[in-house]
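Some notes on the structure that comes next.
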Amino acid sequence: MKNKILVFAIAFFAVGLCFAQEKAVKLAKKQYSQQKWSEAADNIDAAVQNPETVNSLDAWILRGKIYLSIANNPLLSRDYPLAAELSKESFERALRIDPSDKNLIMLRQDILALADIFYDRGANQYEQAAYEQAVQSFTTSIEVSQLEREYDTSAAFNIALCALNAGLYDKAVDYAKIVISSTVATPNIYAIQAESYFQSGKPDEAVAAMEEAIARFPEDKTVYTSASSIFLRIGLNERASEMLNIALEKWGDDASFQLFIGIAYENDKQYEKAEAAYQKALELNPDYMDAIFDLGAFYVNQGIRLNDEANALPLDATAEYDRLKAEANESLNKALPYLQQVLEEQPDNLKVMMTLRDVYVQLGKLDDANALREKIDALQGE
């Protein structure tokens, strides 16, 4: 009789525990509906950790939604830096418990919203030049979207781009191939693939990538400039000239193409041709702001290069030093009207302000430099 009472007591206790956990889930659901997400998170975490409700589909779905709401709240998410990861974990668990189409359809919008969180995180990290972290965030965004049986090709493109910037060339190539095999491939992805091959010491593969891009996008002017840049750096000058001449026949009267070709020449240190192309772009479109800035930046870069050459000379090479310094100052003076014109059109452009301020300093125009520094400090809130 005592044994029966003991068994009954244990069974009753187990039922009580189960009821308590179900009560915790209900309470968390109520708190979630009231947007009391911190309290809801505490209760749902306790529920999913308990053996009695560890396999509860409703509990894991609710946990995913709670942490998704937290991750979407800029203030609250600071206290829960892993909220998005916990939401992902919860939805994954829910789909393992019930992988049916019905459950997937019910979770679809939440999954897409969660994928967007990781995508936006990756975009912010890219803007901050945290390229390896961005690779991870975009990778996680793809993993989440695949819960919904979709593959986000735009995230794959971003992984390739960030991996290239991070020096993860094999990964960049792998994800570039994924995008290239899709129906939304663009010339830019070929440029990323070719650059990754080039940087990792695989020039033949880089050439093959750009040749494929030319064959696939023969009417896209950026393909020719990207290809010629790769060819020039590899030393295939004849093939590069061939590409540029074809493009000139197609778009020689297009200011944007002249800008692209100028960039390609400057990358290959063919400075006279680069300068001529930038000037041609402005001849075709005198109001082309990108070309105005790029020509100004070209002269700044030339001035910096000449200054570096002068500073590297031995101390007794005074005549050569003076010549290079004079040429550097001449180039910097050429840059001034272009940078000033851009700043007139874009008075809050910090990049142009900082570049122009540095030119003023190099030329000894300290009053102008100080005036710009005050504007820069004001814009930066200092």
Side-chain angles (χ1 to χ4, degrees), residues 123 126-129 157-158 161-162 164-165 186-192 194-195 210 213-214 217 219-233 240 243-305 330-360 362 368 372 375-376 379:
Y126 174 80
E127 290 295 327
Q128 297 165 12
F157 177 95
N158 290 338
L161 175 61
C162 293
L164 169 60
N165 282 287
T186 64
N188 286 339
I189 194 63
Y190 281 98
I192 291 171
E195 187 66 26
M210 291 317 306
I214 292 166
F217 301 101
E219 297 305 317
D220 189 294
K221 68 187 70 170
T222 63
V223 169
Y224 292 86
T225 53
S226 298
S228 60
S229 177
I230 287 289
F231 296 155
L232 286 167
R233 283 184 287 159
M243 288 297 97
L244 292 173
N245 286 328
I246 291 172
L248 280 168
E249 289 178 6
K250 291 174 177 283
W251 304 291
D253 59 351
D254 186 309
S256 65
F257 175 72
Q258 291 293 342
L259 178 62
F260 295 149
I261 198 173
I263 293 169
Y265 279 132
E266 186 175 0
N267 287 343
D268 191 52
K269 302 180 181 179
Q270 297 193 46
Y271 300 122
E272 289 184 9
K273 289 183 177 181
E275 183 180 9
Y278 290 138
Q279 289 174 341
K280 181 66 174 178
L282 287 178
E283 179 185 323
L284 293 166
N285 182 359
D287 299 322
Y288 190 7
M289 202 55 57
D290 286 346
I292 294 169
F293 174 77
D294 281 359
L295 183 54
F298 168 80
Y299 286 129
V300 171
N301 292 335
Q302 288 294 90
I304 293 171
R305 180 179 63 81
E330 181 183 356
S331 188
L332 292 173
N333 274 303
K334 285 183 179 179
L336 284 178
Y338 297 104
L339 297 177
Q340 289 166 342
Q341 184 177 351
V342 176
L343 196 57
E344 286 177 7
E345 295 293 326
Q346 303 171 7
D348 294 335
N349 191 320
L350 276 173
K351 180 181 179 182
V352 177
M353 278 189 188
M354 291 176 176
T355 302
L356 187 55
R357 177 200 60 190
D358 292 344
V359 172
Y360 283 143
Q362 288 292 324
D368 292 326
L372 266 184
K375 290 182 180 179
I376 292 169
L379 282 174

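Computed over heavy atoms, backbone and side chain alike; hydrogens, waters and symmetry mates excluded.
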Spacing of [atom1] belonging to [X] relative to [atom2] belonging to [Y], to within rounding of 0.5 Å:
| X | Y | atom1 | atom2 | value |
| --- | --- | --- | --- | --- |
| Met354 | Leu356 | CE | CG | 12.5 Å |
| Leu244 | Ile261 | CG | CD1 | 4.5 Å |
| Tyr224 | Phe260 | OH | CZ | 14.5 Å |
| Gln302 | Ile304 | CD | CD1 | 10.0 Å |
| Tyr271 | Asn301 | OH | CG | 8.5 Å |
| Glu219 | Ile214 | CD | CD1 | 12.0 Å |

Answer yes or no: is there a side-chain heavy-atom contact under 4.5 Å between Asp294 and Tyr338?
no

Is Glu249 close to Ile246 at the side-chain level, that is, under 4.5 Å between some pair of heavy atoms?
no

Does [X] use its side chain to pair, donor to acceptor, with the backbone of [Y] at less than 3.5 Å?
| X | Y | result |
| --- | --- | --- |
| Ser226 | Val223 | no |
| Asp268 | Gln270 | no |
| Ser229 | Ala264 | no |
| Asn285 | Ala281 | no |

Specify the closest pair of heavy atoms between [X] and [Y], including all atoms of both residues, with the distance to one decimal.
| X | Y | answer |
| --- | --- | --- |
| Ile292 | Asp287 | CD1-C, 4.3 Å |
| Pro187 | Thr222 | CB-OG1, 3.9 Å |
| Gln258 | Gly252 | NE2-O, 3.1 Å |
| Ala247 | Phe257 | CB-CZ, 3.1 Å |
| Asn165 | Leu161 | ND2-O, 2.9 Å |
| Trp251 | Asp220 | CH2-C, 3.8 Å |

Heavy atoms of other groups near Lys250 NZ, more than 12 under 6.0 Å
yes

More than 12 non-hydrogen atoms from neighbouring residues, nucleotides or ligands closer than 6.0 Å to NZ on Lys375, yes or no?
no

Tyr288, Phe298, Phe293 screened by ring-ring contact (aromatic ring centres under 6.0 Å, His included) with Tyr278, the one that passes:
Phe298

Salt bridge (charged side-chain N to carboxylate O under 4.0 Å, His left out) filter on Lys334, not counting sequence neighbours, yields none

Can you check side-chain hydrogen bond (donor to acceptor under 3.5 Å, both in side chains) on Glu275 and Tyr265, steps first, answer last?
CA-CA 9 Å; Glu275 183 180 9; Tyr265 279 132; over 6 Å; no

Please test Leu339 against Val300 for side chain to side chain contact (heavy atoms under 4.5 Å, CB included), starting from the C-alpha separation and ending with a verdict.
CA-CA 10 Å; Leu339 297 177; Val300 171; 3.9 Å; yes

Consider side-chain hydrogen bond (donor to acceptor under 3.5 Å, both in side chains). Of Lys351, Glu345, Gln346, which one does Asn349 pass it with?
Gln346

Worked check of side chain to side chain contact (heavy atoms under 4.5 Å, CB included) between Tyr299 and Val359
CA-CA 10 Å; Tyr299 286 129; Val359 172; over 6 Å; no

